[in-house]
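The residues of the chain are indexed from 1 along the displayed sequence. Atoms considered below: every heavy atom in the structure, side chains included; atoms not considered: hydrogens, waters and symmetry mates.
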Amino acid sequence: MRFTIIMLLVIPFFANASDEITIHINETGYFINESNKVLTKSDLEIELTKLDFSSVTLDIDYCAEPLLISEAYLAIANSKPSVSNIRLRTSGSSEESKCKNV
């Protein structure tokens with residue numbers, strides 16, 4: 001009986017630990033979590049439908065175009081409309097010489 005109660009208290013912590021993903025948005029495309037595979041908008045939607053998550057962090061590179069950011073939001077909305085927790089994080093350098101699309 002004690003084991004069952006302990007399991008009921010512990011399992012939700014493990015279930016919630018894996019339901020968050022990070023989408024890295026750079027100048028040319030998207031990466032999910034630690035993958036090094038560059039995704040397009042349609043590839044991103046397909047990959048998101050395969051994953052089980054309820055929270056997303058958008059890691060936005062300084063050189064990312066606004067269109068890529070809005071497309072990431074659309075991909076999330078189209079693949080997982082139930083996701084309501086989206087956080088933004090910035091990364092990259094503010095040196096314009098590092099951006100190729102400037």
Side-chain angles (χ1 to χ4, degrees):
M1 181 67 173
R2 288 183 188 176
F3 179 75
T4 305
I5 293 172
I6 291 172
M7 290 304 290
L8 290 174
L9 294 173
V10 172
I11 288 175
F13 291 108
F14 288 109
N16 290 335
S18 65
D19 67 352
E20 181 178 338
I21 65 166
T22 300
I23 300 173
H24 303 278
I25 305 172
N26 68 10
E27 195 171 10
T28 59
Y30 310 94
F31 302 91
I32 297 177
N33 292 334
E34 300 304 317
S35 172
N36 55 3
K37 180 182 174 188
V38 180
L39 303 170
T40 64
K41 178 192 177 252
S42 56
D43 294 335
L44 179 63
E45 271 190 50
I46 292 167
E47 290 298 318
L48 291 178
T49 57
K50 297 176 185 176
L51 299 173
D52 184 29
F53 62 94
S54 62
S55 179
V56 178
T57 298
L58 294 179
D59 182 28
I60 305 168
D61 186 76
Y62 178 79
C63 296
E65 294 183 23
L67 180 62
L68 288 173
I69 299 166
S70 63
E71 287 177 346
Y73 274 102
L74 286 173
I76 294 166
N78 290 338
S79 61
K80 298 285 185 188
S82 62
V83 171
S84 61
N85 187 12
I86 300 175
R87 290 185 295 278
L88 301 177
R89 180 175 63 204
T90 59
S91 62
S93 173
S94 62
E95 292 180 32
E96 287 187 20
S97 62
K98 290 188 176 188
C99 299
K100 296 176 182 126
N101 290 333
V102 174

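Not counting sequence neighbours, E71 has no partner by the salt bridge (Lys or Arg N to Asp or Glu O under 4.0 Å) test. Every residue was checked against the side chain to side chain donor-acceptor pair (under 3.5 Å) condition with D61, not counting sequence neighbours, and none meets it. Evaluation of the side chain to side chain donor-acceptor pair (under 3.5 Å) rule for S82 yields no partner, not counting sequence neighbours. Residues meeting the salt bridge (Lys or Arg N to Asp or Glu O under 4.0 Å) test with K50, sequence neighbours left out: E47. Partners of D59 under the salt bridge (Lys or Arg N to Asp or Glu O under 4.0 Å) rule, at least two apart in sequence or in another chain, are R89. Scored by the side chain to side chain donor-acceptor pair (under 3.5 Å) test, N33 finds no partners at all (sequence neighbours excluded).
The two residues I25 and Y30 have their closest heavy-atom pair at CG1-CD2, 3.8 Å. Counting all heavy atoms, side chain and backbone alike, V83 lies closest to S54 at CG1-O, 3.8 Å. Shown here for K41 and A75, the closest heavy-atom pair between the two residues is O-CB, 4.5 Å.
Hydrophobic clustering, with ILVMFWY side chains joined whenever heavy atoms are under 4.5 angstrom apart, groups I32 together with I86.
For K80 (side chain) and L51 (main-chain N/O), a donor-acceptor pair under 3.5 Å exists by modelled atom type.
Of the inter-residue distances, the one linking D52 atom CG with I21 atom CD1 reads 10.0 Å to the nearest 0.5 angstrom. Annotation: the span from L74 atom CG to E45 atom CD amounts to 7.5 Å, rounded to 0.5 Å. Here R87 contributes atom CZ and S55 contributes atom OG; the two are 4.0 Å apart, rounded to the nearest 0.5 Å. Of the inter-residue distances, the one linking S84 atom OG with I76 atom CD1 reads 11.5 Å to the nearest 0.5 angstrom. In this structure, the separation between CG on D19 and CZ on F53 is 10.0 Å, given to the nearest 0.5 Å.
Looking only at side-chain heavy atoms (C-beta outward), I46 and L39 stay at 4.5 Å or farther from each other. Put simply, the side chain of F31 does not reach to within 4.5 Å of the side chain of I23, judged on heavy atoms. Residues I69 and L88 form no side-chain contact, since every pair of their non-hydrogen atoms from C-beta on lies 4.5 Å or further apart. Counting only heavy atoms from C-beta outward, the side chains of L58 and Y73 approach each other to under 4.5 Å. Two residues are said to be in side-chain contact when any heavy atoms from C-beta on lie closer than 4.5 Å; N26 and V38 fail this criterion.
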- Message: I'd like to know whether L48 forms a side chain to side chain contact (heavy atoms under 4.5 Å, CB included) with N78, so could you lay out the CA-CA distance, the side-chain angles of the two residues, the decisive distance to 0.1 Å, and finally the verdict.
- Response: CA-CA 9 Å; L48 291 178; N78 290 338; over 6 Å; no
